[in-house]
Amino acid sequence: MAISGGYEPAEIESKWQARWDADKTLYAAEGHECGKPKYYCLEMLPYPSGALHIGHVRNYAIGDALARFHWMKGYNVLHPMGWDAFGLPAENAALKNGVPPREWTLSNIAAMKKQFNRLGMGFDWATEVTTCLPDYYRWNQWFFLKMFEAGLAYRKKSKVNWCPACATVLANEQVINGRCWRHEETLVEQRDLTQWFLRITKYADELVAGLDTLEGWPEKVRTMQRNWIGRSEGTFVDFNVVASGTTIKVFTTRVDTIFGATSVQIAPEHPFAKELMSQPDLAMKIEAMIAQQKVARESDALGALVKEGFDTGRFAVNPFNGERVPVWVGNYILADYGTGAIMSVPAHDERDFEFATRYGLPVVRVVAGNVDGAGMELPFLAEDDGVLIDSAEWTGMSCLEAQGKMAAFAEAGGFGKSTVTYRLKDWGVSRQRYWGTPIPMVYCSCTGGGQEPIALSESDLPVLLPEAISITQEGGSPLGKVPSFVDTVCPKCGGPAKRETDTMDTFVDSSWYFYRYTDAHNATAPFDKAKVGYWFPIDQYIGGVEHAILHLIYSRFWTKVMRDLGLIANDEPAARLFTQGMVIKDGAKMSKSKGNVVSPDLMIERYGADATRMYALFAAPPDRDLEWDENGVAGIVRFLAKVHRLVGKYAGFAGGRDGNVGKMLLRKLHQTIGKVTLDFSGRWHFNTSISSVMILVNEVQSAEAAIDGGQVSAATVKAVLKALVQMLAPFAPFFAAEMWETIGESGVVFRAAWPEADEALAREDEVEIPVQVNGKLVTVVKVAAESGREDVESAAKADEKVAAKLVGKMVVKVVVVPAKLVNFVVK
RNA sequence: GCCCGAGUGGUGAAAUCGGCAGACACAGCGGACUUAAAAUCCGUCGCCCUUUUGGGAAUGGGGGUUCAAGUCCCCCCUCGGGCACCA
């Protein structure tokens, strides 16, 4: 588009880009000795796909505005950037084009770095972190060894989520509605594999409790994490199976209702069900039910299954009353939650009620008072605020009280125990892929018949990923086909040994990368404790809400592990978290298939980086979804062009004396500074900051004739232009740098002190007061700002419109809110 | 089903502490400048009734509190997101 006012974004932007590349004045001060308060501003690092998308631009525009604002406020700001560079796409590209993953990844990084610079993002490249390079991933291996030593990393055979499209295992967090998080169309299969796990469950309680301290995190994210961890307090109770040595341990949150238990229900995959498989008739039914659950699980219809089950013909004894209850296998019992077995209390659990009704099992009520508002007895009572009946010595006790006492009773009797269960499972980190961190373990016949892992020692690190390998998607880990990698020497016996061929989940990389930024070139440790101590916690972390439970739970876990290893002192990685909204186009999420993808490069080419970024901040508050409208970007260009023209015109302005217009401009200026500063102080509604700057510019434009006529002093003009440029600096950095030079300021605008709003100068002499009669607006009267209640009221009464409304009426009450409004209440 | 978040003009939105609803933009419409267009500038611009003047209803819907409600309280609807046979 043609741009007026002599504003040539391409010229300005390439000029400053070159300067910023060359000089490092915008980087964080090295030390703690700089005397400034620190501010660690962090945006989530991108995956190097090869190109930034417009959502990135928004994310980083928010962070960069904050970083630059804090520079100007005098903070020592760490604003780093890196690359989450391991992962499957690199391998897929290799499969498709034959380009080695490393080469593909590094060239993508180079391309995206160029884009970042083109966008004018003020990142501290001196601390750049690239997770696929050995100087980073060796520390993943180092942490792994530490965790192994601490019993936090272990290997076990278990059912794992297998994505056929990725040809690898997925963590529970990477399975969404039974489908792969990267392949929506692909159902995840369950496979039995021996895998590496990290014991995140050990920290489950602390991860839940810590959420209460994270007041700077969105409630939404905290709730999601709470749900994900799924902490549930309850009781284990042992039911001994009659005529067998077997005990079925059930988990219940309502041990108080145990006198109402009329059956024990076990999952088809429960160990006792396996035991029963020796009976052919039962085996068939059990297998059918396992298959049924599997199908339902895969199509995400587990909750929709009709509750079915069958009697095993066996009985178990309720330890509280010695009663025998039948043992059933139920399709609504999940093997992987609790103990995979429940006591069924149809009177007080909706699901048990449904099941019992279907099969005619008895319903025994043990909680009184369960009537509805109309006095009708309810079929069951799920609430735990009732009073027990027919429950031996606990009869008459409140449910809540009984829960504690009965659990204690069971514990004392040796047939039960208070417990806490979690939905959260240990984090499966093994991946059968090439492009990831090798797991620093070997297997040797000298230990456990070659089945037990032997840890390498620190001095063996890094275990380097072999570079020249051919990648295929068949037959297990690609690394398994590289003899030079697999064959190694046993650290224990010195004989020939085999390396672990799985690699680590890439979420390991992103679990601690932000610590590395503080000491990115440390060759002897992941980081220096003192440096982390200075910078942590992150003051502000910014990213998409899609990471609420993956990255953000893993990295909290990692922080706690590192703390317990004595490496850091903080309990949580980030004091404040901000999740920005999505960028949408034509009302829908952008996607290649919809053809509504906005290219940042194209935007920069057409409108410049400054306008593109500024639009991303102007079009909506940052926490909300943003509809991308190219006309809006053009509008920002018009605005910048206007500023460009005015700054150019008045840069060397001399003469003039402040009349009313000069005073008005100064007043508007200080109002604007106040508004923009306020927006930065927490709410980040940059859309309103920018609009207030637009208002200021519109005022200057309207005042042009007066300025030209000498009614504004040079000092006022200068003050307005200078602060205007400073206020634009966080949003349009190239532009601001250029304008700073135009008005003859020396030094770097981003290091100049942020302007202070002078309240006295910002104050209006006169205010307009709305006048209402019975709450309805009648008119607006102008009064001196300092007017008292009487003056305001009499000014309002004096208005002829108001007077007309008051004729013949009785004024019951007059509400006067100074500087706000007058309301006459009349009859 | 449970838990978050949202719902305001043609569009993106503003109203931060209960005090003029629609700031600032985008789009539209009219005009100036121009041979013409672009760019720029000026004006206009929520809806309904009214020639004007003016009047009326209005922030998803319904109730309430208040002199005053987009904002607070209760109930409901719609959309987005998360969790879901979790015992």
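In what follows, chains are A, B, ... by sequence order, proteins preceding strands, each numbered from 1.
Across all strands shown, the partner of C47(B) is G56(B), judged by Watson-Crick or G-U wobble contacts whose two distances both fall under 3.5 Å. Across the strands present, G22(B) finds no partner; the criterion is a Watson-Crick or G-U wobble pair with both atom distances under 3.5 angstrom. When both pairing distances are held under 3.5 Å, G5(B) makes a Watson-Crick or G-U pair with C79(B). Pair assignment for A14(B): none, as no Watson-Crick or G-U wobble contacts are both less than 3.5 Å. Taking a pair to require two hydrogen-bonding distances under 3.5 Å in either a Watson-Crick or a G-U wobble arrangement, A37(B) remains unpaired. Nucleotide C85(B) is matched to nothing when pairs are restricted to Watson-Crick or G-U wobble geometry with both distances under 3.5 angstrom. Using N1 to N3 plus N6-O4 or O6-N4 for Watson-Crick, or N1-O2 and O6-N3 for G-U wobble, each under 3.5 Å, A27(B) pairs with nothing.
For the P atoms, the distance linking G61(B) with G70(B) amounts to 11 Å, nearest Å. G31(B) and C79(B) have their P atoms separated by 45 Å, with the value rounded to a whole Å. Across the P atoms, A37(B) and A25(B) are found 26 Å apart, a figure rounded to whole Å. Of the P atoms belonging to G7(B) and G60(B), the separation is 8 Å, rounded to the nearest Å. Comparing the C1' positions of A27(B) and G9(B) gives a spacing of 12 Å, expressed to the nearest Å. Taking the P atoms as reference points, A69(B) lies 14 Å from G63(B), given to the whole Å. Taking atom C1' in both C48(B) and C3(B), the straight-line distance is 42 Å, to the nearest Å. Comparing the C1' positions of C45(B) and G81(B) gives an interatomic distance of 36 Å, to the nearest angstrom.
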Under 4.0 Å protein heavy-atom contact, by nucleotide of nucleotides 22-29 of chain B - B base, S sugar-phosphate only
-BBSSS--

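Atom OH in Y337(A) sits about 13 Å away from atom C1' in C83(B), given to the nearest Å. Rounded to a whole Å, the CZ atom of R222(A) is 18 Å from the C1' atom of C83(B). Rounded to whole Å, the distance from NE2 on H644(A) to C1' on A39(B) is 16 Å. To the nearest angstrom, C1' of G5(B) lies 11 Å from CD of E219(A). Rounding to whole angstrom units, NZ of residue K585(A) and P of G12(B) are separated by 14 Å. The CD1 atom of I266(A) sits 17 Å away from the C1' atom of C85(B) (whole-angstrom rounding). Between the CG atom of N774(A) and the P atom of A69(B) there is a distance of 12 Å, given to the nearest Å. Taking atom CG of L626(A) as the reference point, atom C1' of U11(B) lies 13 Å away to the nearest angstrom.
With hydrogens and angles ignored, the 3.5 Å screen pairs a side-chain donor or acceptor of K425(A) with a backbone N or O of D336(A).
Here R351(A) does not pair with E354(A) in a salt bridge; the nearest charged N to carboxylate O distance is not below 4.0 Å. Ionic pairing of D708(A) and K649(A) is present here: one or more N-O contacts between side-chain nitrogen and carboxylate oxygen are shorter than 4.0 angstrom. Using a 4.0 Å cut-off between a side-chain N of Lys or Arg and a carboxylate O of Asp or Glu, E219(A) and R226(A) qualify as a salt bridge.
The salt bridge (charged side-chain N to carboxylate O under 4.0 Å, His left out) check on D799(A) picks up nothing, with sequence neighbours excluded. For K805(A), the salt bridge (charged side-chain N to carboxylate O under 4.0 Å, His left out) criterion is met by no residue, not counting sequence neighbours. Partners of S344(A) according to the side chain to side chain donor-acceptor pair (under 3.5 Å) rule, which considers only residues two or more places apart in sequence or in another chain, do not exist here.
For an aromatic pair to be called close, the ring centres must be under 6.0 Å apart, and Y359(A) with F310(A) fails this. Remark: aromatic rings of Y7(A) and Y607(A) are distant, center separation not under 6.0 Å. Ring to ring, W328(A) and F355(A) are close: their centroids are under 6.0 angstrom apart. If you look at F415(A) and F320(A), their ring centroids are closer than 6.0 Å.
The residue among Y332(A) and P770(A) whose nearest nucleotide of RNA chain B is located toward the 5' end is P770(A).
Within residues 815-827 of chain A, the residues approached by RNA chain B to less than 4.0 Å at the level of any non-hydrogen atom are V815(A), V817(A), K820(A), L821(A), N823(A), V825(A), in residue-number order.
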Pairs under 3.5 Å (N/O, protein and nucleotides 79-82 of chain B):
unit_1	atom_1	unit_2	atom_2	d
G81(B)	O2'	K220(A)	NZ	3.4

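Between the side chains of D238(A) and T247(A), no donor N or O sits under 3.5 Å from an acceptor N or O.
Rounded to the nearest 0.5 Å, atoms CD1 (I636(A)) and CG (L640(A)) are 7.0 Å apart. Note that CD of Q701(A) and CZ of R645(A) are 5.5 Å apart. Values are rounded to the nearest 0.5 Å.
Within 4.0 Å of L305(A), counting heavy atoms only, lies at least one base atom of the nucleic acid. The residue P218(A) sits apart from the nucleic acid: no heavy atom pair falls under 4.0 Å. When heavy atoms are screened at a 4.0 angstrom cut-off, Q772(A) is found touching base atoms of the nucleic acid.
Dashed line: the shortest gap from a side-chain N or O of R624(A) to OP1 or OP2 of A14(B) is under 4.0 Å. Residue Q701(A) has a polar side-chain atom (N or O) positioned under 4.0 Å from OP1 or OP2 of C41(B).
Annotated as syn: C17(B), whose glycosidic dihedral is within 90° of 0. For G70(B), the glycosidic angle deviates from 0 by more than 90°, giving an anti base.
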